[in-house]
Novice: 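Have a look at the structure that comes next, please.
Indexing begins at 1, ligand by ligand and atom by atom, following the structure's order. All heavy atoms count here, side chains included; hydrogens, waters and symmetry mates do not.
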Amino acid sequence: MTKLSVNINKIATLRNARGGDVPSVTQVALDLERFGAQGITIHPRPDERHITRKDVYDLKPLVKTEFNIEGNPHRPFIDMVLEVKPEQVTLVPDADDAITSNAGWDCEKNLDFLKSVISEFKNAGIRTSIFLDPNPEMVKFASETGADRIELYTEAYAKHYLQNKEFAVESYFKTAVVASEYGLGINAGHDLSLENLKYFADNIPNLLEVSIGHALISEALYLGLENTVQAYLKRLAKW
Ligand SMILES: CC(=O)[C@@H](O)[C@H](O)COP(=O)(O)O
Ligand SMILES: NCC(=O)COP(=O)(O)O
């Protein structure tokens, strides 16, 4: 079965808007595990716009499911991950000023760099995954990096799903088939949602894990707003 790892960046975004500890990133992580999440994903960015370095260290002893840290492997990121030792590190080639992750690795061009970074993580016993566009030809180079898994970057799938879901999933299916032939594990994430997840999971062979944040947290707001408004109205009801 495919594991669900919940990305809690957006909880930190909300918390940072007021500067205090509401909502609490650590409490939400614990609650998500209690509700059945099989992993917690965070993507600390250099500007700490959401997850901070402190969050990374605070979460480590608390997360009892799979802890997955994503990020661009600059030296400070590498050192932090080596110290924290999560179950999995996912390497993402995102520019510091990118609004969100917007591309997978060119593993051919970055082969030597990725090999050396991945060997550091592997020596520390941390599973490695690399963010990849749905391109079967890139899989050979992804395998040469020594990574354990690829994470399929699903933004294009999510974008095309509503118009033509067969077309949307095709390149992902082909990439997943080649990845399995090379013995790579398969993760996926970015813009997956309640609407598009099932078709993806049904059509991608050997899908080990999805990490989902933006849509899941937004959907949780919608699913919870009615209860919350009712609870407030009860506190105001005098007659
Ligand atoms: C790698 C990936 O697709 C997600 O981690 C995404 O980058 C989420 O990051 P933000 O929450 O900063 O958009
Ligand atoms: N690796 C993808 C991830 O963690 C969450 O991406 P998104 O659901 O926030 O787009």
Novice: Hey, is the main chain of Leu91 close enough, under 3.5 Å, to the side chain of Trp105 for a donor-acceptor pair?
Specialist: yes
Novice: Is a donor on one side and an acceptor on the other found under 3.5 Å between the side chain of Thr26 and the backbone of Leu59?
Specialist: no
Novice: Considering only heavy atoms, which protein residues lie less than 4.0 Å from any atom of ligand 1?
Specialist: Asn7, Asn9, Lys10, His43, Arg45, His50, Glu70, Val92, Thr100, Ser101, Phe131, His190
Novice: Under the salt bridge (Lys or Arg N to Asp or Glu O under 4.0 Å) rule, collect the residues that match up with Glu108, sequence neighbours excluded.
Specialist: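 Expected list: none.
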Novice: Using distance alone, with no hydrogens and no angle criterion, decide if Asn7 and Asn9 have a side-chain donor and acceptor under 3.5 Å apart.
Specialist: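 Result is yes, a qualifying pair exists.
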Novice: Can you sort out the partners of Lys109 under salt bridge (Lys or Arg N to Asp or Glu O under 4.0 Å), two or more places apart, ordered by chain and number?
Specialist: none
Novice: Counting N and O atoms only, with roles assigned by atom type, does the side chain of Glu144 sit under 3.5 Å from a partner on the main chain of Leu111, one being a donor and the other an acceptor?
Specialist: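 Flag not set: sc Glu144 to bb Leu111 has no pair under 3.5 Å.
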Novice: Over 60° means perpendicular and under 30° means parallel, so classify the ring planes of Tyr172 and Phe200, tilted if in between.
Specialist: perpendicular
Novice: For side-chain hydrogen bond (donor to acceptor under 3.5 Å, both in side chains), just list the numbers for Thr90 and Asn68, CA-CA rounded to whole Å, side-chain angles, deciding distance to a tenth of an Å, and then say yes or no.
Specialist: CA-CA 7 Å; Thr90 301; Asn68 175 39; 2.9 Å; yes
Novice: Test side chain to side chain contact (heavy atoms under 4.5 Å, CB included) on Thr145 and Phe113; report intermediate values, then the result.
Specialist: CA-CA 9 Å; Thr145 67; Phe113 171 68; over 6 Å; no
Novice: Show the protein residues that qualify under the rule heavy atom under 4.0 Å from an atom of ligand 2, listing them in chain and number order.
Specialist: Asn7, Thr41, Glu70, Glu151, Gly189, His190, Asp191, Ser211, Ile212, Gly213, His214
